[in-house]
Amino acid sequence: MDTSGTIPGTQSVARAASLLRLVTSAGDEGLPVAELAKRAQLTRPTTHRLLTALRNEGLVDQDGRTGRWMPGPELYLMGTVAASRYDITAIARDIVRSLAVRTEESAFLSVRRGDETVCLVREEGSFPIRSFVLSESVRFPLGVASAGLAILAFLPPHDVDAYFERHPDLSQRWGSSHSEQRLRARLHETHSRGYAVNPGLIVEGSYGIGAAVFTREGHPQWALSLTGVEFRFSPDRLPELGRTLLAHAHQLTTRIAASGR
C-alpha cells in the first residue's frame, strides 16, 4: 500500500531528496537556488528553506562567493559507508577498461538510481575523435541514454508502465523521439537485440550503445555502454560492437553474482 500521502513529513523528505539529487548531479560547480527551485518545481522560498535545513545537517554546502549550492561533507561520509555494499566500481573498472581497449571507443559503467542512470566510470578509447555526452556523475532519465534504455528494456512490464505514468513529459524535455510510443518501440528492439542503440538522439552525430548488467536476482541495476561519433557505429560495425559489449556485460554480471552483491 502506498502511504506516502498519509505519513507526516513524507512530502518534505521527498522534496529534500530531490534537491540532494540535483545538487550532487551538478558536482563541484554547484547550482544557484533559482535553478534548483526551477528543476525541483518548487518555490524559491521553499527551496531555500530545505537547502538551509540540509546545510545544517552537513548534507549540502553553499559557496560563500558564488552562492551556489554543492554536496556537503556528510554526504562523503555516508557514501563511504554505503560504498561497501552498493559500489561495484572496484570489481568493474578493469572490465570497463577492457571494453574501451577492445573497441577503441569510450566505455562507461552506469548505475540505476530510481528513475535515472548515473555514470560511475568512464574509460577513454584510443580513437582520437570522442563523444562527451556522458561523463562521471552525469544523470539521464531511464530510456534517454543507451544505458538507461538498456535497463528500462529489461524491467518487468508493470514497472515500465509505471515509469511512463510518472514521466509523461519525456517528449517535452527530450524531443519527440522520446514519446512513449517511440520509446516503447525502442524498448522492444532493445529486448530483442540484447543491447540498446541511441542513434544521436541526445546530441546529433553522437551514437551510443548500452547493455544491462544484472544483480544475482536478475534485476537490471547497472549498464555498460559505448559512445562515439556516428561513422564509428556504422551498420557494418555495430553488430561486432554489440557482441563485444554483451560479452563484457555478461562477464560483469557473473562477477557481481560471485561477489555476493
Side-chain angles (χ1 to χ4, degrees), residues 21-31 70-71 75-76 79-80 82-83 86-114 116-152 174 195-214 220-233 237-238 240-253 255-256 259 261:
R21 285 192 290 269
L22 289 169
V23 169
T24 56
S25 67
D28 293 337
E29 294 184 2
L31 286 170
M70 51 199 61
L75 283 182
Y76 169 76
T80 57
Y86 295 105
D87 185 20
I88 67 163
T89 55
I91 64 173
R93 193 172 293 276
D94 67 311
I95 292 178
V96 181
R97 186 177 300 117
S98 169
L99 184 59
V101 170
R102 288 279 302 276
T103 64
E104 301 182 339
E105 310 298 341
S106 296
F108 308 86
L109 169 69
S110 297
V111 62
R112 180 189 178 191
R113 287 290 180 263
E116 298 178 313
T117 55
V118 185
C119 180
L120 299 177
V121 177
R122 174 180 178 132
E123 289 286 345
E124 299 290 0
S126 60
F127 190 73
I129 303 176
R130 296 166 183 163
S131 168
F132 292 95
V133 173
L134 193 59
S135 59
E136 291 172 353
S137 81
V138 169
R139 294 172 179 259
F140 282 107
L142 295 178
V144 174
S146 60
L149 188 62
I151 290 173
L152 190 61
W174 298 95
Y195 59 91
V197 177
N198 186 324
L201 298 179
I202 300 175
V203 174
E204 186 176 357
S206 178
Y207 273 49
I209 61 174
V213 174
F214 299 86
Q221 184 62 30
W222 305 270
L224 292 177
S225 58
L226 294 166
T227 68
V229 291
E230 180 176 356
F231 72 87
R232 295 281 293 175
F233 289 72
R237 189 170 184 246
L238 191 59
E240 176 191 349
L241 289 174
R243 285 191 294 271
T244 303
L245 177 64
L246 286 172
H248 283 72
H250 177 71
Q251 181 184 3
L252 183 53
T253 294
R255 187 177 291 184
I256 289 169
S259 73
R261 284 176 171 81

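Values below: all heavy atoms of this structure, side chains included; hydrogens, waters and symmetry mates excluded. Not measured: the values here are computed from a predicted model.
Counting non-hydrogen atoms of neighbouring residues, nucleotides and ligands closer than 6.0 angstrom, the CZ atom of R102 reaches no more than 12 such neighbours.
F108 and C119 make their closest contact through CD2-SG, 3.9 Å (heavy atoms, listed as atom of the first residue, atom of the second, distance). Scanning both residues, T117 and S110, for their nearest heavy atoms gives CB-CB, 4.3 Å. Among all heavy-atom pairs drawn from L75 and P71, the shortest one is CD1-CB, 4.0 Å. Closest approach of L252 and I91 over heavy atoms only: CD1-O, 4.1 Å. Closest of all the heavy-atom pairs between A100 and E123 is CB-O, 3.8 Å. Closest heavy-atom contact between G114 and L142: O-CD1, 4.0 Å.
Atom CD in Q251 sits 10.0 Å away from atom CG in L99 (nearest 0.5 Å). The structure places CG of L120 at 7.5 Å from CD1 of I88, a figure rounded to the nearest 0.5 Å. The OG atom of S98 lies 10.0 Å from the CG atom of L224; values are rounded to the nearest 0.5 Å. In this structure, I151 CD1 and E116 CD are separated by 11.5 Å, a value rounded to the nearest 0.5 Å. The distance from atom CG of L246 to atom CG of L241, rounded to the nearest 0.5 Å, is 11.0 Å. To the nearest 0.5 Å, atoms OG (S146) and CD1 (I202) are separated by 7.5 Å.
Between P141 and W174 the shortest side-chain heavy-atom distance falls below 4.5 Å. R113 has its side chain out of reach of R21: every pair of non-hydrogen atoms, C-beta onward, lies at least 4.5 Å apart. Taking 4.5 Å as the limit, every side-chain heavy atom of V23 sits out of range of all side-chain heavy atoms of L31. Contact check for Y207 versus L238: no side-chain heavy atoms found under the 4.5 Å cut-off. Put simply, the side chain of L149 does not reach to within 4.5 Å of the side chain of N198, judged on heavy atoms. A 4.5 Å side-chain heavy-atom check between F233 and V197 finds every atom pair outside the cut-off. The shortest distance between side-chain heavy atoms of E230 and E204 does not fall below 4.5 Å. Side-chain contact between T24 and V118 is absent, with no heavy atoms from C-beta onward closer than 4.5 Å.
Residues satisfying the side-chain hydrogen bond (donor to acceptor under 3.5 Å, both in side chains) test with R237, not counting sequence neighbours, are E105. Scored by the salt bridge (Lys or Arg N to Asp or Glu O under 4.0 Å) test, R243 finds no partners at all (sequence neighbours excluded).
Here the side chain of T253 pairs a donor or acceptor atom with the backbone of A249 at under 3.5 angstrom. One N or O on the side chain of Q221 and one on the backbone of R112 form a donor-acceptor pair closer than 3.5 Å.
Just one residue in the list T244, T227, L226 forms a side-chain contact (heavy atoms from CB on, under 4.5 Å) with I209, and that residue is L226.
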